[in-house]
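Input: a single structure, listed below in structure tokens.
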Amino acid sequence: MKQDTILVIDLGGIENSVIARMVRGMGVYSEIVAHDITIEEMKAYSGLKGIIYAGGPNRMVDGVKVCPEDAVLHCSYPSLAIGCEDMPGINITSTDESAIRHFVFDKCGCEATWSMEIFVQDKIKELQQQIGNEKVLLALSGGVDSSVVAALLIKAIGSNLTCIHVNHGLLRKGEPEEVVRVFGKEMGANLIYIDAVDRFLKKLEGVSDPEQKRKIIGNEFIRVFEEEAVKLEGIRFLAQGTIYPDIVESGTKTAKAIKAHHNVGGLPEDMNFDLVEPVKYLYKDEVRKCGTALGLPDSMVYRQPFPGPGLGVRCLGAITRERLEAVRASDAILREEFRMAGLEGCVWQYFTAVPDFKSVGVRDHARSFEYPVIIRAVNTIDAMTAEIETPDWALLKKITSRIINEVPGVNRVVYDLTPKPTGTIEWE
Ligand code: XMP
């Protein structure tokens with residue numbers, strides 16, 4: 001379907017994303033494009049209805065004053081400039097929602113037809129055209145982004161998609177099983193499940209430096225993925241769960257570098273895959289809506305952020321199976337209790353960590369010497385700074401009681417009161 005579109009031309013404005021999201025929120029598709037977009041590239045948007053120039057002070061991008069090419073500047077589409085006092089046409093100074101609404105609907109004549117259901121229908125057709133009868137490979141972690149990409153591709157190309165799920169042993173309780181159930185069984189995906197638990201834990205044996213742990217987990221993941229990928233024949237495309245903030249965060253001109261950074265496999269050049277990135281123009285909340293529209297369960301779509309190295313950076317110091325299981329079990333209790341208390345979806349991130357030292361306690365009238373569990377729950381907007389969540393004492397006491405009674409090897413629970421800064425969200 002031809003989708004009414006408003007392009008936001010990035011002239012160094014800091015509110016590009018706010019504007020694009022605002023327009024999408026009005027039911028009209030909007031995309032951020034670089035300042036040097038050509039008139040031909042612009043005309044390729046078949047539903048283009050208007051242009052918003054988003055400029056910051058003096059329209060500076062990377063220290064250089066920028067101006068769109070003449071043909072763009074003098075094109076016949078209605079335009080609105082925000083924060084660029086010296087530009088032609090209508091100019092407003094801030095992201096005033098009523099002025100933008102007036103521009104989008106009254107000046108450009110857009111219809112509010114952008115919805116996730118339409119996006120899904122269009123994207124499936126587009127993927128079918130792009131991929132044809134070729135085969136696609138996807139590293140399916142079970143996180144929101146890769147799950148939504150998998151669900152879209154299953155609808156678009158069915159068994160021509162192969163998903164590889166690497167279980168590195170550092171996932172939360174029930175996660176690998178959920179991936180197998182939802183994708184392998186319910187959605188009928190062509191799913192290769194790799195049990196690499198022993199392999200990862202062996203590589204991590206005795207390694208206590210957090211960055212070294214991260215490096216090992218990342219590298220080993222690529223190795224396992226590669227080993228499986230080379231066994232497959234005739235794969236033309238690699239699908240990735242790149243999302244819009246990945247591209248936009250460092251400005252539209254740096255989209256390429258950001259993509260490389262997010263390249264899941266980090267696969268060698270000679271593998272020569274073409275990329276399929278079906279949600280790269282969606283914001284996180286839109287990716288979630290897309291997942292819901294595709295029928296993915298809420299537990300998958302609305303899950304809290306989870307670091308790539310998983311529980312590996314929450315089993316502090318050198319990882320042992322005993323402490324890793326203590327992290328996994330205590331995390332599951334915390335999540336269950338937060339869910340039952342109505343906190344799921346309200347608190348940004350909450351988890352447990354287990355340090356590599358023990359403390360003295362008393363159990364069954366005898367001395368115990370066991371590990372503590374640290375509970376951390378934080379709220380943030382961008383993960384750059386964070387405030388702690390302050391749950392009810394009664395809830396914390398219930399969680400504590402469950403952890404010390406249900407998790408083997410744990411005799412003490414502490415709550416982390418530290419904001420970021422000075423603490424980071426994760427402990428490692
Ligand atoms: P920090 O600990 O830096 O975390 O305050 C900020 C956010 O990033 C997540 N995080 C990671 N995500 N790989 C990831 O994919 C990592 O190595 C990593 N370390 C931290 C963390 O969970 C939080 O949401």
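Each ligand, and each atom within it, is numbered from 1 in the order the structure gives.
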Name of the residue among E220, E227, E226 meeting salt bridge (charged side-chain N to carboxylate O under 4.0 Å, His left out) with R223 | E220
Selection from M384, R314, Q349, E211 by shortest heavy-atom distance to atom 24 (O) of ligand 1 = Q349
With a 4.0 Å cut-off on heavy atoms, does W348 reach ligand 1?
-> yes
Give yes or no for whether the N/O distance cutoff of 3.5 Å, strictly under, is met between A383 and ligand 1.
-> no
Using a strict 4.0 Å cut-off to heavy atoms of G308, name the atoms of ligand 1 that fall inside it.
-> 12 (N), 13 (N), 14 (C), 15 (O)
Which is closest to atom 18 (C) of ligand 1 by heavy-atom distance: R214, E428, Q304, K420?
-> R214
Take the angle between the ring planes of F200 and H168 and call it parallel below 30°, perpendicular above 60°, tilted in between.
-> perpendicular
For atom 21 (C) of ligand 1, the option (of K215, R376, E426, K213) bearing the nearest heavy atom | E426
Hey, is R412 close enough to E370 for a salt bridge, meaning N to O under 4.0 Å?
-> no
What are the atoms of ligand 1, with element, lying closer than 4.0 Å to any heavy atom of P309?
-> 13 (N), 16 (C), 17 (O)
Tell me: protein heavy atom nearest atom 12 (N) of ligand 1, and distance?
-> P307 CA, 3.4 Å
Tell me, please, whether Y283 has R24 positioned over its six-membered ring: NZ or CZ under 6.0 Å from the ring centre and within 45 degrees of its axis?
-> no
Do the numbers put R376 on top of the ring of Y415, so that NZ or CZ is under 6.0 Å from the six-membered ring centre and no more than 45° off the axis?
-> no
Residues D392 and K397 bridged, charged N to O under 4.0 Å = no
Looking at ligand 1, does any of its N/O atoms fall within less than 3.5 Å of an N/O of I425?
-> yes
Heavy-atom distance from atom 8 (O) of ligand 1 to the protein below 4.0 Å?
-> no
Honestly, is R335 close enough over Y350, meaning NZ or CZ under 6.0 Å from the six-membered ring centre and within 45° of the axis?
-> no
